[in-house]
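Shown next, in structure tokens, is the structure this report addresses.
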Amino acid sequence: MKFQLKTLTPAQACAEKSDALLVLLPKGDASQAKQDKASKATWPLAQTVQAAQADGDFEDKSGKTLLLYGAAGVAARLAVVMSAGKGSAKDVRDAVAAGMAALKGRSIKKLTVCLGDASQSQYLPIVMQAIADATYVYTATKGSATDDKSGRKLAQVTIGTVDSAKAKAAFAHGQALVAGQDFAKEWANRPANFATPTLLGEAAKSLAKAHAALQCEVLGPKEVDKLGMGSFASVARGSNEPLRFIVLKYMGGAKSLAPTVLIGKGVTFDTGGISLKPGASMDEMKFDMCGAASVLGTLRALAELKPKLNVIGLIPATENMPSGHATKPGDVVTAMDGQTIEVLNTDAEGRLILNDALVYAKRLKPAAVVDIATLTGACGVALGSVRAGLFSTDDALAASLQAAGERALDLAWRMPLDDEYAEGLKSNFADVANIAPPGGGAVTAAKFLERFTKTKGASGEAAFPWAHLDIAGVAWKGGKEKGATARPVGLLLEWLLAK
Ligand code: BES
Ligand code: MN
Ligand code: ZN
């Protein structure tokens with residue numbers, strides 16, 4: 001799917017040759033009249049829209065649409081006029097989503113989208129994301145033929161705005177966002193036998209091959225042992241698939257600029273290990289690498305946009321399997337910084353791979369570290385699928401991440417990190433246990449991670465500003481619409497670009 005930006009008045013957009021036209025009305029001016037006075041042309045749909053409104057058939061509320069077929073003066077067969085409601089980012093997203101829903105099931109290869117007023121172009125990333133989300137098709141393991149490589153029927157989207165020069169940056173952001181989200185979805189949706197740690201490593205390598213701005217290094221079991229990542233290695237022990245530690249760098253900024261490190265949980269399948277999960281919906285544990293996928297997607301987006309930033313993605317990738325080699329409940333393992341961990345539950349494996357990545361991050365002297373993980377079912381219970389859990393030892397970092405999420409409509413909510421939550425992690429046989437007694441499970445998991453963000457063992461100063469995003473509730477949808485959401489690529493990209 002290709003996006004193209006053009007300077008078009010609503011009247012000119014009607015003359016564009018395409019299969020369908022989407023028109024987003026200016027807020028509070030559902031008649032489009034003002035706009036067309038400015039362009040000195042009559043908007044062919046003005047009368048129809050006014051009549052529909054007068055009849056109460058087309059309310060000026062976001063999500064309300066008017067579908068027209070073969071309208072006079074419109075080159076496209078289909079036209080959908082969309083109310084922008086009060087004109088907020090969310091209104092615009094809901095409007096475009098409703099417009100795309102109105103076109104669902106129709107064969108549309110070429111689409112023209114017309115933004116009714118210039119101020120709406122700040123929402124281009126949101127508009128383009130809504131179009132991409134509505135047309136995304138998973139293909140990797142489907143035999144059926146599709147129209148283009150990405151599986152989408154929609155091949156060409158022309159976006160018209162009255163001043164395209166002013167919309168350029170937002171358009172580029174949108175293009176990169178869509179590319180990054182598509183990539184994240186592609187890998188997150190793949191079944192575990194098509195997304196092993198080895199394949200994930202190769203995906204990162206081929207990303208780096210395709211984009212000169214990226215460099216990639218992939219470590220295997222021997223190198224990981226040498227680094228002393230005994231915690232990470234203990235999770236991989238039960239699997240026949242060798243682990244991978246992926247280091248993907250985007251160094252677009254000055255050499256002296258400290259990098260931002262993104263760590264993505266890459267459990268390509270989580271059976272729970274010896275603490276085996278129940279069978280129902282266990283297939284969804286192929287999504288336990290959504291954090292990793294979001295890191296790959298974000299770096300892919302950066303590679304397209306080329307901002308002056310340094311960002312390093314770290315992905316510990318492994319399966320969590322039961323076997324004769326697997327780690328057993330009660331086993332004690334040693335992390336890269338020497339902390340010993342009593343593994344009371346082998347299903348609390350995400351924290352056992354992220355901790356070693358956090359320790360590794362220290363050597364990169366980062367300006368900030370954000371880890372992204374489908375870490376706890378408890379976070380999904382606490383926040384549902386609306387907001388990700390945001391944990392941070394740094395107020396400024398937490399505030400900037402949350403604000404980026406609001407702007408990108410990729411929401412997060414700050415959760416507490418009181419030391420009392422760490423009480424339950426005490427162990428009689430190691431420095432720390434990997435689980436605490438029931439209650440506040442998302443927080444106790446974050447407290448476990450926090451121990452590995454300090455300069456010296458668990459007690460020192462903060463080695464870097466750190467935040468943790470628990471995306472267990474938001475990374476994928478279950479049920480009939482089962483599939484990855486690509487969250488929080490939108491939040492991360494917005495946050496990084498605001499730097
Ligand atoms: N990957 C899971 C978390 C998860 C579960 C995400 C369900 C989304 C949906 C994680 O590895 C896990 O199993 N966590 C345990 C922790 C528990 C053993 C303390 C959980 O949440 O049950
Ligand atoms: Mn688990
Ligand atoms: Zn897991």
Side-chain angles (χ1 to χ4, degrees), residues 188 192 195 197 200 231-232 234-239 241 243 263-294 315-322 326-331 341-357 371-389 391 415 421-422 424-425 427 432-449 468-479 482-485 487-488:
L200 215 54
S231 185
F232 177 24
S234 80
V235 175
R237 198 157 295 151
S239 172
E241 291 290 338
L243 63 74
I263 299 175
K265 173 178 173 183
V267 173
T268 60
F269 197 80
D270 182 11
T271 65
I274 297 299
S275 314
L276 193 65
K277 286 183 180 293
S281 306
M282 204 208 267
D283 67 286
E284 293 188 10
M285 281 299 119
K286 72 173 184 178
F287 292 119
D288 213 15
M289 38 62 75
C290 280
S294 76
I315 297 172
T318 178
E319 288 185 339
N320 184 24
M321 299 288 285
T327 298
K328 304 167 290 299
D331 284 1
I341 304 156
E342 186 184 13
V343 182
L344 289 174
N345 190 319
T346 63
D347 197 11
E349 86 297 341
R351 60 197 82 180
L352 295 176
I353 72 172
L354 295 168
N355 58 351
D356 275 336
D371 75 70
I372 305 104
T374 48
L375 201 64
T376 65
C379 194
V381 172
L383 295 172
S385 59
V386 180
R387 286 180 187 260
F391 301 82
M415 302 280 275
Y421 285 107
L425 293 170
S427 162
V432 66
N434 80 326
I435 57 163
V443 191
T444 56
K447 287 306 281 184
F448 177 90
L449 293 179
H468 156 61
L469 287 166
D470 192 332
I471 58 167
V474 305
W476 75 88
K477 291 183 199 156
K482 192 185 288 184
T485 61
R487 287 176 70 180

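We count residues from 1, following the sequence as given. First listed ligand is number 1; within each ligand, the first listed atom is number 1.
- Between D347 and ligand 1, at least one pair of N/O atoms sits closer than 3.5 Å.
- Take the N/O/S atoms of D270: the one nearest the Zn ion (ligand 3) is OD2.
- Among K277, M285, M282, the residue whose heavy atom sits closest to atom 7 (C) of ligand 1 is M285.
- The protein non-hydrogen atom at the shortest distance from atom 2 (C) of ligand 1 is D270 OD2, 3.6 Å.
- Between the side chain of S239 and the main chain of A236, no donor-acceptor pair closer than 3.5 Å is present.
- Of the possible donor and acceptor atoms, none in the side chain of R487 sits under 3.5 Å from a partner among the backbone N and O of I471.
- Heavy atoms only, all atoms of each residue included: S275 and N345 are closest at CB-OD1, 3.1 Å.
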Requested in this report: Please report the C-alpha distance between K286 and W476 in whole Å, then the side-chain angles of each, then the deciding distance to 0.1 Å, and finally whether the side-chain contact (heavy atoms from CB on, under 4.5 Å) criterion is met.
Outcome: CA-CA 10 Å; K286 72 173 184 178; W476 75 88; over 6 Å; no

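- Atom 16 (C) of ligand 1 has its closest protein heavy atom at R351 NH2, 3.8 Å.
- The protein heavy-atom contact nearest to atom 4 (C) of ligand 1 is G377 N, 3.7 Å.
- Geometry about the Zn ion (ligand 3) gives an angle of 100° between OE2 of E349 and OD2 of D288, rounded in steps of 10 degrees.
- In this structure, R351 CZ and K265 NZ are separated by 8.5 Å, a value rounded to the nearest 0.5 Å.
- A donor-acceptor pair under 3.5 Å links the side-chain atoms of N434 to the main chain of L344, judged by distance alone.
- Ranking the protein heavy atoms by distance from atom 14 (N) of ligand 1 puts L375 O, 3.5 Å first.
- Judged by distance alone, with hydrogens and angles left aside, the side-chain atoms of D288 form no donor-acceptor pair with the main-chain N or O of D270 at under 3.5 Å.
- Heavy atoms of K265 approach ligand 1 to within less than 4.0 angstrom.
- In this structure, the protein non-hydrogen atom closest to atom 19 (C) of ligand 1 is I435 CG2, 3.6 Å.
- Closest approach of L375 and L449 over heavy atoms only: CD2-CD1, 3.9 Å.
- Protein non-hydrogen atoms do reach within 4.0 Å of atom 11 (O) of ligand 1.
- Side chain of S231 to backbone of L352: a donor-acceptor contact under 3.5 angstrom is found.
- Per residue D270, closest N, O or S atom to the Mn ion (ligand 2): atom name OD2.
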Query - From CA spacing to verdict: side-chain contact (heavy atoms from CB on, under 4.5 Å), T327, I274 - result: CA-CA 7 Å; T327 298; I274 297 299; over 6 Å; no

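- Atoms of ligand 1 found under 4.0 Å from any heavy atom of N345, numbered from 1 in the order shown, are 18 (C).
- Within the model, atoms OG1 of T268 and CE of M285 stand 12.5 Å from one another, a figure rounded to the nearest 0.5 Å.
- Note on K265: counted as a metal contact of the Zn ion (ligand 3), an N/O/S atom lying under 2.8 Å.
- Annotation: angle subtended at the Mn ion (ligand 2) by D347 OD1 and E349 OE1 is 120°, to 10°.
- The nearest heavy-atom contact from the protein to atom 6 (C) of ligand 1 is A472 CB, 3.6 Å.
- Atoms of ligand 1 lying under 4.0 Å from at least one heavy atom of E349, given by number and element, are 11 (O).
- Residue W476 places a heavy atom under 4.0 Å from ligand 1.
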